[in-house]
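Structure first, commentary second.
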Amino acid sequence: MKYTTRQSAILLLSDGTIFHGKSIGISGKTFGEVCFNTGMTGYQEIFTDPSYFGQIMVATNTHIGNYGVNDSEVESESIKIAGLVCKNFSFNYSREDASGSLEDYFTKQNLICISDVDTRALVSYIRDNGAMNAVICTDGTSIEDLKKELANVPNMEGLELASKVSTTEPYFFGDENATYKISALDLGIKKNILRNLAKRDCYIKVYPYNSTYKDLAEFNPDGYFLSNGPGDPDPLFGAIEVAKEILANDKPLFGICLGHQVIALANGVQTYKMFNGHRGINHPVKNLITGKGEITSQNHGFAVNKEQLDNHPELEITHLHLNDETVAGMRMKNKNCFSVQYHPEASPGPHDSSYLFDQFVENIKEAAAKTM
């Protein structure tokens, strides 16, 4: 491989801290909240996960790009991260079924990346100082000008982003002759969630984030699903109202990640911005119902208030994150409803929690049996 000179680049944090590196070749600048993911594999699935919209991703794995990309390994139709920070960017790749290089993939979608960064020092800094806005600059813009632009970037707290990644028109997924019908509210849904439901004999109609309960009910579904997604759940008034109406009609309901937070808000339980979110495929969770531990895939910067949940007469905590005791799952005592903060579809990640999709289908069966 011939040696090529690459343009110097910087990562500027909102508190003025600067990390230096090299551009992978795409000139420009990009803004977002800086966060880190501890996964060792699955970078393409991470980059296309709608829950990462508006975030600059720091990869803790040393090498990014070494196995290229594959057209089937996507969670949405385009890259959703705002930018990438990594240590070693691999321009060459060595996987037989790769469809191309990560460099070409980024170039086609104009994704700005800074490499050759001391990511261990950067992650340590974020862990100590919390998630904050940042800018990657590869075009030589002055520090002072970058600081002025960065000061105008809105904070993630209070930011509604589901509208940026949701479908604009309803669509179907799966076999129309399947046994069960699901109405899914798309707040930033991952494709592997739909795959997991479809392989459990479900036919899914996916609705835009601003759809009403009446819209979702017209499909005459056997169950309802509230998806993952980016941003703060608090401004999602429409989705919260949909959850309230689903519960009022006592229909089977399952929520993941942002959907989990929406269900909490629909029950009067508050959410909050975490100092640092959970992002990776190695997060330990305890199922309080079975007593078993699970290694889980997670991606969230907001969480449900544990104290309020503990004191809620109609809710109970079903799962806890073992690193910090935050709420990882809950269910309603008087309704056919449960939710988790993490990702049982796990793309990428372990499959310890895939049983939750089976649990949803079982809940639908039980609800159908009561009406017969």
Side-chain angles (χ1 to χ4, degrees), residues 51 130-131 155-160 162 185 187 213 223-279 283-294 296 298-344 352-353 355-356 359-360 362-363 366-367:
S51 293
N155 292 323
M156 191 64 71
E157 191 167 10
L159 200 58
E160 185 279 299
L185 189 64
L187 306 176
Y213 173 71
Y224 293 82
F225 177 77
L226 303 183
S227 84
N228 63 291
D232 190 337
D234 210 45
L236 294 173
F237 306 114
I240 294 168
E241 185 59 32
V242 167
K244 287 180 179 179
E245 293 191 52
I246 294 170
L247 296 174
N249 285 276
D250 203 19
K251 301 297 184 180
L253 176 61
F254 179 27
I256 288 176
C257 200
L258 188 59
H260 161 80
Q261 296 159 12
V262 165
I263 292 171
L265 290 167
N267 281 282
V269 177
Q270 294 177 327
T271 59
Y272 63 94
K273 179 81 162 59
M274 303 172 74
F275 187 69
N276 270 306
H278 296 153
R279 297 178 179 90
H283 286 256
V285 163
K286 183 177 181 179
N287 184 324
L288 301 181
I289 307 301
T290 65
K292 294 181 178 179
E294 303 170 22
T296 67
Q298 303 207 5
N299 171 20
H300 61 101
F302 290 80
V304 173
N305 186 298
K306 184 173 182 286
E307 183 179 357
Q308 291 181 14
L309 191 52
D310 272 329
N311 295 321
H312 198 289
E314 297 174 356
L315 292 168
E316 68 174 322
I317 298 173
T318 58
H319 299 76
L320 279 180
H321 196 295
L322 292 178
N323 286 348
D324 57 10
E325 297 291 303
T326 51
V327 176
M330 65 183 184
R331 68 181 178 185
M332 297 195 68
K333 300 174 184 178
N334 60 337
K335 299 288 183 180
N336 192 338
C337 170
F338 74 105
S339 60
V340 290
Q341 182 62 81
Y342 53 97
H343 288 268
D352 296 24
S353 306
Y355 69 89
L356 291 165
Q359 182 178 322
F360 183 37
E362 285 301 315
N363 286 356
E366 290 176 11

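As the structure is a computational prediction, the values presented were derived from the model and not from experiment. Excluded from the calculations below are hydrogen atoms, water molecules and symmetry mates; all remaining heavy atoms, backbone and side chain alike, are included.
- One finds the OG1 atom of T271 at 9.0 Å from the CD atom of E157 (value rounded to the nearest 0.5 Å).
- Interatomic distance, H343 NE2 to S353 OG, rounded to the nearest 0.5 Å: 11.0 Å.
- Nearest heavy atom pair, residue K273 against residue M156, reads CE-CB, 3.7 Å.
- When side chains are defined from C-beta on, K306 does not count as touching L309, because their heavy atoms never get closer than 4.5 Å.
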Could you walk me through whether C337 and R331 pass the side chain to side chain contact (heavy atoms under 4.5 Å, CB included) check?
-> CA-CA 6 Å; C337 170; R331 68 181 178 185; over 6 Å; no

Between T296 and Q298, does a side chain to side chain donor-acceptor pair (under 3.5 Å) hold up when you go through it step by step?
-> CA-CA 6 Å; T296 67; Q298 303 207 5; 3.0 Å; yes

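- Side chain of Q270 to backbone of N305: no donor-acceptor contact under 3.5 angstrom is found.
- Considering only heavy atoms from C-beta on, N336 stays 4.5 Å or farther from K251 through its side chain.
- Shown here for N334 and D250, the closest heavy-atom pair between the two residues is O-OD1, 4.4 Å.
- A distance of 6.0 Å or more separates the ring centres of Y272 and F302.
- Enclosure of atom NZ in K292 is not indicated, since only 12 or fewer non-hydrogen atoms of other residues, nucleotides or ligands lie within 6.0 angstrom.
- Between N267 and L247 the shortest side-chain heavy-atom distance falls below 4.5 Å.
- Shortest non-hydrogen contact noted between N323 and H321 is N-ND1, 3.1 Å.
- Going from atom CG of L236 over to atom CG of L265 covers 8.5 Å, rounded to the nearest 0.5 Å.
- More than 12 heavy-atom neighbours from other residues, nucleotides or ligands sit within 6.0 angstrom of CD on E325.
- Using a 4.5 Å heavy-atom cutoff, the side chains of H260 and V340 are not in contact.
- A pairwise comparison of heavy atoms in I263 and F338 identifies CD1-O, 4.3 Å as the closest pair.
- Nearest heavy atom pair, residue L258 against residue G229, reads CB-N, 3.6 Å.
- Within the 4.5 Å cutoff, the side chain of H300 has no heavy atoms near those of the S51 side chain.
- Looking at E294 and N287, their side chains come closer than 4.5 Å, going by heavy atoms from C-beta outward.
- Taking the six-membered ring where tryptophan is involved, the planes of F254 and F360 are tilted, since the angle between them lies from 30° to 60°.
- Within the 4.5 Å cutoff, the side chain of M274 has heavy atoms near those of the D324 side chain.
- Atom NZ in K335 sits 14.0 Å away from atom CG in N363 (nearest 0.5 Å).
- Annotation: side chain of I256 is in contact with side chain of P344 (closest heavy-atom distance under 4.5 Å).
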Do Y342 and D352 pass the side chain to side chain donor-acceptor pair (under 3.5 Å) test, and can you show the C-alpha distance, the side-chain angles, and the key distance before you say yes or no?
-> CA-CA 12 Å; Y342 53 97; D352 296 24; over 6 Å; no

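- A distance of 9.5 Å separates CD of E245 from OH of Y224, quoted to the nearest 0.5 Å.
- Contact record, D234 with I240: O-CD1, 4.1 Å, taken as the closest heavy-atom pair.
- Between the side chain of E316 and the backbone N or O of T318, no donor-acceptor pair lies under 3.5 Å.
- Here CE of M330 is found 13.0 Å from CG of L320. Values are rounded to the nearest 0.5 Å.
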